[in-house]
Amino acid sequence: MAMSAEEIESLIKESIPDAKVKIEALKDDGDHFSAIVISKKFQNISKVKQHQMVYKALKGRMGEQLHALALKTSSEF
Amino acid sequence: MDQNIQEYIKKEISETEVILFMKGTPVFPQCGFSSTVVQILSQIGLKFKSIDVLSDNEIRQGIKEFSDWPTIPQLYIKGEFVGGCDILTEMFQSGELNSFVESKGIELQKPST
């Protein structure tokens, strides 16, 4: 069961409300996307932790319905 | 959580300076992301041990629980989880990976010119 860019964006924003999110489909199969997520919450935390926050927001879909998410995170708008 | 898998993983990671959990092997990577990380490590001249998670599904799931990271590949340097393909690519492009490795006291093999 694939996902849509909108679904990914809304899941991320649900857990990270101030996030600015840009999602692009890398393939049109619904499970390869790239995402840029910018949030103040990422300040002073490691890249690994920033990405883990985004994966948690996706509530277990990462690596399951969502095979690939090329992720870039930043704390600066 | 299967205890002896977690023990095995912990032991491998603590006893190996640089270890990459990947899909396939460095010579025959079975996934683009794993292959990208292998290329990055060989380009900076970092020797590493690899574990093919496709050869044992318990390791494949166990490593995700161990690091609370949902995807493969996963690179560990001196027991520390450094990242997956995205983070390693970013670190490689910014030069941060070289300085991180050297800060851990690990020598990079200069490419034979």
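First the proteins, then the strands, lettered A, B, ... as listed; each starts at 1.
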Going by side-chain contact (heavy atoms from CB on, under 4.5 Å), B:Ser35 matches just one of B:Pro73, B:Pro29, B:Cys85. Which one? B:Pro29
Looking at A:Thr73, A:Leu71, A:Leu58, which has the largest count of heavy-atom pairs under 4.5 Å with chain B? A:Leu71
Can you tell whether the side chains of B:Lys47 and B:Glu17 come within less than 4.0 Å, N to carboxylate O? no
Which atoms of B:Phe81 approach chain A - backbone, side chain, both or neither, heavy atom under 4.5 Å: both
Whatever's closer than 4.5 Å to a heavy atom in chain A on B:Thr89 counts as neither
With a 4.5 angstrom heavy-atom cut-off, could you sort out which part of A:Leu69 is near chain B: side chain, backbone, both or neither? backbone
Under 4.0 Å between a side-chain nitrogen and a carboxylate oxygen: does that hold for B:Lys10 and B:Glu12? no
Is the shortest side-chain heavy-atom distance between A:Gln50 and A:Ser39 below 4.5 Å? no
Proximal component of A:Lys72, with respect to chain B [non-hydrogen, under 4.5 Å]: both
Do the charged groups of B:Lys104 and B:Glu80 touch, with an N to O distance under 4.0 Å? yes
Could you tell me which of B:Thr71, B:Asp86, B:Val82, B:Asp68 has the largest number of non-hydrogen atom pairs under 4.5 Å with chain A? B:Asp86
